[in-house]
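So that the names make sense, note that chain A is the first sequence line, chain B the second, and so on, each numbered from 1.
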Amino acid sequence: MLQQTRVAAVIEYYQRFLKKFPNVQKLAAAREASVLAAWSGLGYYRRARMLHAAAKQVVKEHNSQFPSTAEELCQLSGVGRYTSAAIASIAFNQPVAVVDGNVERVIQRLLGKNLADETIWREATNLLSTKRPGDFNQAMMELGATVCTPRQPLCLLCPVEQFCATRGEIKSDTSKVSQRKREAFYTLNRRHGNVLLTQRPRTASLMPGMWELPAVTNPNGAKVWLTLKHSITVTDYTVRVLENVALQNAEAKWISPSKLDRIPLTGLTRKILKAGRFLQ
DNA sequence: TAACCGTGGAA
DNA sequence: TTTCCAAGGTT
């Protein structure tokens, strides 16, 4: 959950997820739709599918016991260089260093700029406390998150300021992809307290198989019930929600509000249904 | 290798 | 208001 996602955004999901899937066997035995529903709104849904697959791997290939070395953990789906080292060091006290966005920035500034990835990992490994690798790794990340911040780092508070080559020089920003702006229309159709939803194609690259309100291509004349802003990847949407627009050849299903929390909704759909009091 | 994948909050 | 970017991994 923490991959490219802030701790603050994760905590609530994490607690709810563990309540629903309290151990690796329960997660492995769950339906994918159920896992995605618990992930709904968190984004990067491939992580949920990968985690589900990894749970099955642990159950089948490791007798439901988590492997304890970074090398073995790295074989699990969705677990890469960072995540395997984080689990191995924090959960199993293995002497392996992590490099996340924070650590990368800290080391770049400490040693100077333009270090290759391999160099950063090597330096992180050199610095690592082999006695308390988990605490060291978390301290490095926390230093980057709270002191050695991307903009206006707090060098006066930095415990390693005297060793720093750059004293918080701004990290050279890479290519910036400007956000595109678009307008999108959806319709909120109610009948007997139910709401009409459609499923995104399973072959879609973006949020495959997730459920959302039916899109409206030709909104002329329809009354706008709600307008809101929503950003998805590189596009800033102005979303206008209409009411009871007749659908044309769209596969849609009437969903009862009581079932909504078991359906993988997109974050935007979740937002709209909350505004309409279909969801808490 | 670089593009792609969601969302929300801070600056 | 806009911009930036998070406890990255996969293809």
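Distance CE (A/Met210) to C1' (B/dC5): 12 Å, rounded to an integer number of Å. The nearest whole Å value for the distance from the CG atom in A/Leu228 to the C1' atom in B/dG6 is 15 Å. Rounded to an integer number of Å, the gap from A/Glu142 CD to C/dA7 P is 9 Å. In this structure, the CD1 atom of A/Ile232 is 11 Å from the C1' atom of B/dC5, given to the nearest Å. Put simply, CG on A/Leu265 is 14 Å from C1' on B/dG6, counting in whole angstrom units. The distance between atom CG of A/Asp236 and atom C1' of C/dC5, rounded to the nearest whole Å, is 14 Å. Taking atom CG of A/Asn102 as the reference point, atom P of C/dA6 lies 7 Å away to the nearest angstrom. Between A/Asp117 atom CG and C/dG9 atom P there is a gap of 12 Å when expressed in whole angstrom units.
Within the 4.0 angstrom heavy-atom criterion, no nucleotide atom of any strand lies near A/Met1. If you check every strand for non-hydrogen atoms under 4.0 Å, A/Gly144 touches nothing. A/Asn137 comes within contact range of no nucleotide atom at all, as no heavy-atom separation falls under 4.0 Å.
For the OP1/OP2 pair of C/dG8 and a distance below 4.0 Å, the side-chain nitrogens and oxygens of A/Arg46 include no atom meeting the criterion. For the OP1/OP2 pair of B/dG8 and a distance below 4.0 Å, the side-chain nitrogens and oxygens of A/Lys271 include at least one atom meeting the criterion. Distances shorter than 4.0 Å separate none of the side-chain N or O atoms of A/Gln3 from OP1 or OP2 on C/dG8. Here A/His230 does not reach the OP1 or OP2 of B/dG6: none of its side-chain N or O atoms lies under 4.0 Å away. Distances shorter than 4.0 Å separate none of the side-chain N or O atoms of A/Tyr44 from OP1 or OP2 on C/dT10.
With DNA chain B read from its 5' end, the first of the two nearest nucleotides for A/Ser205 and A/Ala8 is the one closest to A/Ser205. Position along DNA chain C of the nearest nucleotide to A/Lys181 versus A/Ser77 favours A/Lys181 as the more 5'-ward residue.
Here B/dT7 is the nucleotide among B/dA11, C/dA6, B/dT7 with the atom lying nearest to any side-chain atom of A/Tyr45. Comparing C/dA7, C/dT10, B/dG6 by their closest approach to the side chain of A/Met141 singles out C/dA7.
Comparing the P positions of B/dA11 and C/dA7 gives a spacing of 13 Å, expressed to the nearest Å. Taking atom C1' in both C/dG8 and B/dT1, the straight-line distance is 16 Å, to the nearest Å.
Counting heavy atoms from C-beta outward, A/Glu32 and A/Arg49 have side chains that approach closer than 4.5 Å.
Judged by distance alone, with hydrogens and angles left aside, A/Thr5 brings a side-chain donor or acceptor within reach of the base of B/dG6, the pair sitting under 3.5 Å. No hydrogens or angles were tested; on distance alone, a donor-acceptor pair under 3.5 Å links the side chain of A/Arg6 to the base of C/dC5.
Side-chain contact of A/Thr83 with A/Gln3: a donor-acceptor pair under 3.5 Å is present, judged by distance alone.
Judged by the 6.0 Å distance and 45° axis criteria, A/Arg132 is not positioned over the aromatic ring of A/Phe136.
A/Lys253 NZ: 12 or fewer foreign heavy atoms inside a 6.0 Å radius. Summarising the local packing, CD of A/Glu183 is surrounded by more than 12 heavy atoms from other residues, nucleotides or ligands at distances under 6.0 Å.
A salt bridge links A/Glu118 with A/Arg81: the distance from a Lys NZ or Arg NE/NH1/NH2 to an Asp or Glu carboxylate oxygen falls below 4.0 Å.
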